[in-house]
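Please read through the structure below; I'll follow up with questions.
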Amino acid sequence: MATALRFLAADAVERAGTGHPGMPLGMADLATSLFARHLKFDASAPKWPDRDRFVLSNGHGSMLLYGLLHLTGYADVPLEEVRNFRKAGAAAAGHPEYGHLAGIETTTGPLGQGVATAVGMALAERMLSAEFGEDLVDHRTWVFCGDGCLMEGVSQEAISLAGHLRLHKLTLIFDDNSTTIDGATAVSTSDDQRRRFEASGWATIAVDGHDPEAIDLALTYARASDRPTLIAARTKIGFGAPSKQGLSAAHGSPLGGGEIEAMRKSLGWSHAPFEIPEPIATAWREAGRRGSARRGAWLKRLAAVEPARRAAFERRISGRLDAAVEPAVRDAIAERVAKPTAMPVRQGSQIATGVLASVMPELVGGSADLTSSVLSRPDNMPLLTRDDFGGRHISFGVREHGMAAALNGIALHGGFVPYAGTYLTFSDYARPAIRLAALMGIRTIFLMSHDSIGVGEDGPTHQPIEHLASLRAIPGLKVYRPADAVEALECWYDAVAGQCPSVMVVARQKVPQVRLAASEVMLSRRGAYLLAGGTRRDLTLLASGSEVGLALETRELLAKRGVEAAVVSMPCWEVFARQDEAYRTSVLGEAPRFAIEAASPFGWERYTGRSDHIFGVETFGFSGPGPVVYAHFGLTPAAISERILRLTGVALKAAV
Ligand SMILES: Cc1ncc(C[n+]2csc(CCOP(=O)(O)OP(=O)(O)O)c2C)c(N)n1
């Protein structure tokens with residue numbers, strides 16, 4: 001069976017003329033033992049909620065996964081799919097992409113990311129099990145990874161967190177082949193991987209990765225472990241390719257026709273490319289059906305669950321929001337509008353998560369050791385600990401990257417809507433996972449506070465400048481920057497009601513409430529809206545977040561000089577871009593536009609049309625009281641209105 005898998009991978013890479021044969025050849029024995037004997041899955045029901053999760057963190061070995069899915073009988077992976085490997089538009093893409101094939105649990109390719117995402121999946125299993133019981137939720141998470149994944153820093157954050165939480169149903173199978181692209185790993189690392197994992201509280205075992213019986217024992221050992229387990233499997237990259245095995249030459253290019261023929265001889269495989277002899281094909285399909293009886297029993301148990309509880313479980317798995325969520329948010333908005341209060345936007349965000357948590361048991365929060373700064377935890381969200389997975393706020397520790405990847409894993413697992421926070425400036429530490437969330441189109445919410453030079457005394461290390469622009473540049477990511485508690489409620493609702501990832505950017509400092517009137521629609525859900533303006537519009541001020549209040553004050557000063565300025569609040573560019581043209585035009589207006597945002601001006605030209613119409617911050621900030629830093633950069637109503645009057649003097653005089 002393993003040899004069939006090897007040839008499927010090697011021949012597909014050969015046919016594509018591109019790809020990575022070394023890892024599939026090296027890990028075929030491990031994959032075969034796992035899929036044929038240990039992994040709980042049913043190929044006919046790839047989304048069965050209680051299946052084991054399998055993550056191929058060393059995603060360059062994608063052909064191994066496609067081969068496994070094909071051989072075990074996943075309906076969406078016929079042989080044709082394998083033959084199309086790496087062709088334009090093929091589901092069997094260069095690296096495994098979530099959403100392409102039902103058996104791909106997460107997108108992998110950026111090394112280390114799969115390991116950290118899997119920690120989130122294993123954690124989600126524990127949380128969902130704590131809530132609904134082992135009868136419904138009792139599965140494992142298995143990860144394949146290579147030297148590359150373990151060299152990446154994010155793996156350390158993930159390993160450390162998993163060890164701390166004692167995620168005992170998590171098993172990492174390490175392709176210990178001492179080879180990367182540059183050659184032997186000895187050129188760049190001397191780590192003792194087992195001792196490294198043991199230091200973080202993992203169980204470890206070493207095994208010959210080409211000995212099926214030994215592998216079987218190791219997998220059995222992992223299943224009985226009371227801690228997460230590392231299986232360090234000694235393998236040869238490119239196993240079976242006579243002149244390339246054990247060498248980095250096998251890593252990332254087709255073996256070549258001659259080498260594959262020699263491999264056919266050395267492994268005793270006489271079949272043509274893509275031809276799987278019947279007994280072996282049958283054995284693989286049987287492996288794919290192995291879990292069907294367990295799934296049947298699970299379905300029976302589910303059917304026996306009391307109806308309300310069953311409906312709750314099914315809703316959670318479906319990802320639908322309960323009907324009570326929207327009214328709860330609307331009530332909270334009405335309450336804020338009735339009692340306008342100046343407060344930090346982060347506090348408005350905390351109000352929003354509290355309201356959501358009261359009607360969304362699926363909402364899980366967390367922070368990277370900044371709970372009381374980011375205000376990530378509302379009162380009604382109990383802490384999760386390794387002794388109580390019923391908690392709903394996760395202490396991720398100072399591990400932003402691991403946290404962001406784990407959030408993705410929680411979202412991918414299903415049953416939860418996860419968010420967690422840090423400072424916006426440290427979104428850089430989480431960026432690779434944010435990008436993957438966007439690529440996958442999953443509902444992960446990254447909460448980022450301390451969102452500008454308004455941070456003040458902590459200085460330029462903590463004052464984000466380019467972050468908003470760079471996050472807005474990520475396709476498929478909604479970047480919200482609410483101006484007050486009302487907008488925070490609307491933006492949070494939009495984030496949980498959507499199906500794509502979001503970054504919720506909130507100011508640390510106190511701001512006035514800008515939304516004082518009740519409104520039928522949640523205005524922030526249109527991305528931008530006219531907040532203030534009369535029938536005459538000499539110019540339009542566009543602003544987001546804490547600068548919306550600044551824009552309103554500027555409007556007043558301009559009015560004293562006879563200039564009528566409209567103020568448009570723009571909490572989310574991405575949402576605004578999706579509105580119909582008539583709406584967008586009506587909001588933006590025909591008058592000259594000016595943008596105010598305490599951040600890099602990069603990108604605002606698309607709305608202002610001119611770079612000198614943007615009031616932003618072009619350099620790093622500096623340490624000092626927030627208002628002083630704002631004033632230094634000309635971000636005061638007086639400075640802004642004066643500059644606007646100077647810039648538009650002629651045109652405005654004519655208008656006046
Ligand atoms: C974050 C990241 N950096 C670099 C790469 C490029 N890359 C792909 S595979 C690889 C070497 C990985 O070595 P290993 O995990 O040992 O894989 P093996 O050679 O054993 O298949 C590198 C550097 C990547 N995919 N992701």
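Read the numbers this way: they start at 1 and go in the same order the structure lists the ligands and their atoms. Predicted model, so just to flag it, every value in this text is computed and none were measured.
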Inset, instruction - Go through Phe197 and Phe174 one step at a time and tell me if the ring pair (Phe, Tyr, Trp, His ring centres under 6.0 Å) criterion holds. - result: CA-CA 11 Å; Phe197 277 76; Phe174 165 38; 7.7 Å; no
Inset, instruction - Give the atoms of ligand 1, by number and element, whose distance to some non-hydrogen atom of Thr180 is under 4.0 Å. - result: 13 (O), 16 (O), 19 (O)
Legend entry - ligand 1 versus Asp147: contacting region, heavy-atom distance under 4.0 Å: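 Looking at Asp147 and ligand 1, atoms from backbone and side chain both fall under 4.0 Å.
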Inset, instruction - Would you please say whether a donor-acceptor pair under 3.5 Å links the side chains of His38 and Asp216? - result: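 Result is yes, a qualifying pair exists.
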Inset, instruction - Give the atoms of ligand 1, by number and element, whose distance to some non-hydrogen atom of Ile237 is under 4.0 Å. - result: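 Checking each atom against Ile237, I get 18 (P), 19 (O), 20 (O), 21 (O).
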Legend entry - Worked verdict on Arg264 versus Asp11 for salt bridge (Lys or Arg N to Asp or Glu O under 4.0 Å): CA-CA 11 Å; Arg264 280 191 152 71; Asp11 287 327; 2.8 Å; yes
Inset, instruction - For atom 14 (P) of ligand 1, find the nearest protein heavy atom and state the residue, atom name and distance (0.1 Å precision). - result: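 Ranked first by proximity to atom 14 (P) of ligand 1 is Gly148 N, 3.5 Å.
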Legend entry - Element-labelled atoms of ligand 1 that are located less than 4.0 Å from some non-hydrogen atom of His60: 9 (S), 17 (O), 18 (P), 21 (O)
Legend entry - Nearest non-hydrogen protein atom, atom 16 (O) of ligand 1: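 Here the closest protein heavy atom is Thr179 O, 2.7 Å.
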Inset, instruction - Fit a plane to each ring of His251 and His60, take the angle between them on a 0 to 90° scale, and name the class: parallel (under 30°), tilted (30 to 60°) or perpendicular (over 60°). - result: tilted
Legend entry - Atom indices of ligand 1 within 4.0 angstrom of Glu152 heavy atoms, with elements: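 Per the distance check, 1 (C), 2 (C), 3 (N).
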Inset, instruction - Return the orientation label for the Phe41 and Tyr74 ring planes: parallel under 30°, perpendicular over 60°, tilted otherwise. - result: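 Judged by the thresholds at 30° and 60°, the geometry between Phe41 and Tyr74 is parallel.
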Inset, instruction - For Glu80 and His70, test the side chains for any donor-to-acceptor distance below 3.5 angstrom and give the result as yes or no. - result: no
Inset, instruction - Report the member of Leu25, Leu111, Val154, Asn58 with the shortest heavy-atom distance to atom 12 (C) of ligand 1. - result: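 Result: the heavy atom closest to atom 12 (C) of ligand 1 is in Leu111.
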Inset, instruction - Name the closest protein heavy atom to atom 20 (O) of ligand 1, giving the residue it belongs to and the distance to 0.1 Å. - result: Asn177 ND2, 2.7 Å
Legend entry - Within the 6.0 Å centroid threshold, strictly below: Phe239 and His210: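 Judged by ring-centre distance (under 6.0 Å), Phe239 and His210 do meet the cut-off.
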Inset, instruction - Please work out whether the ring planes of His413 and His139 are parallel, tilted or perpendicular, with thresholds of 30° and 60°. - result: parallel
Inset, instruction - Give a yes-or-no answer on whether the side chains of Thr189 and Thr185 include a donor-acceptor pair shorter than 3.5 Å. - result: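 Absent: no donor and acceptor within the cut-off.
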Legend entry - Per-residue contact class, Thr185 against ligand 1 - non-hydrogen pairs under 4.0 Å: neither
Legend entry - Atom indices of ligand 1 within 4.0 angstrom of Gly146 heavy atoms, with elements: 15 (O)
Legend entry - Pro110 heavy atom under 4.0 Å from ligand 1: yes
Legend entry - Between Arg234 and Ser178, a side-chain donor and acceptor under 3.5 Å: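 There is such a pair between these side chains.
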Inset, instruction - Could you check atom 22 (C) of ligand 1 against the protein and tell me its nearest heavy-atom contact, residue, atom and distance included? - result: Ile181 CD1, 3.4 Å
Inset, instruction - Using heavy-atom distances, let me know which of Met23, Gln113, His251 sits nearest atom 18 (P) of ligand 1. - result: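 It is His251 that holds the nearest heavy atom.
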Legend entry - Option of least heavy-atom distance to atom 25 (N) of ligand 1 (set: Ser178, Gly112, Gly109, Cys149):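 Looking at heavy atoms only, Gly109 sits closest to atom 25 (N) of ligand 1.
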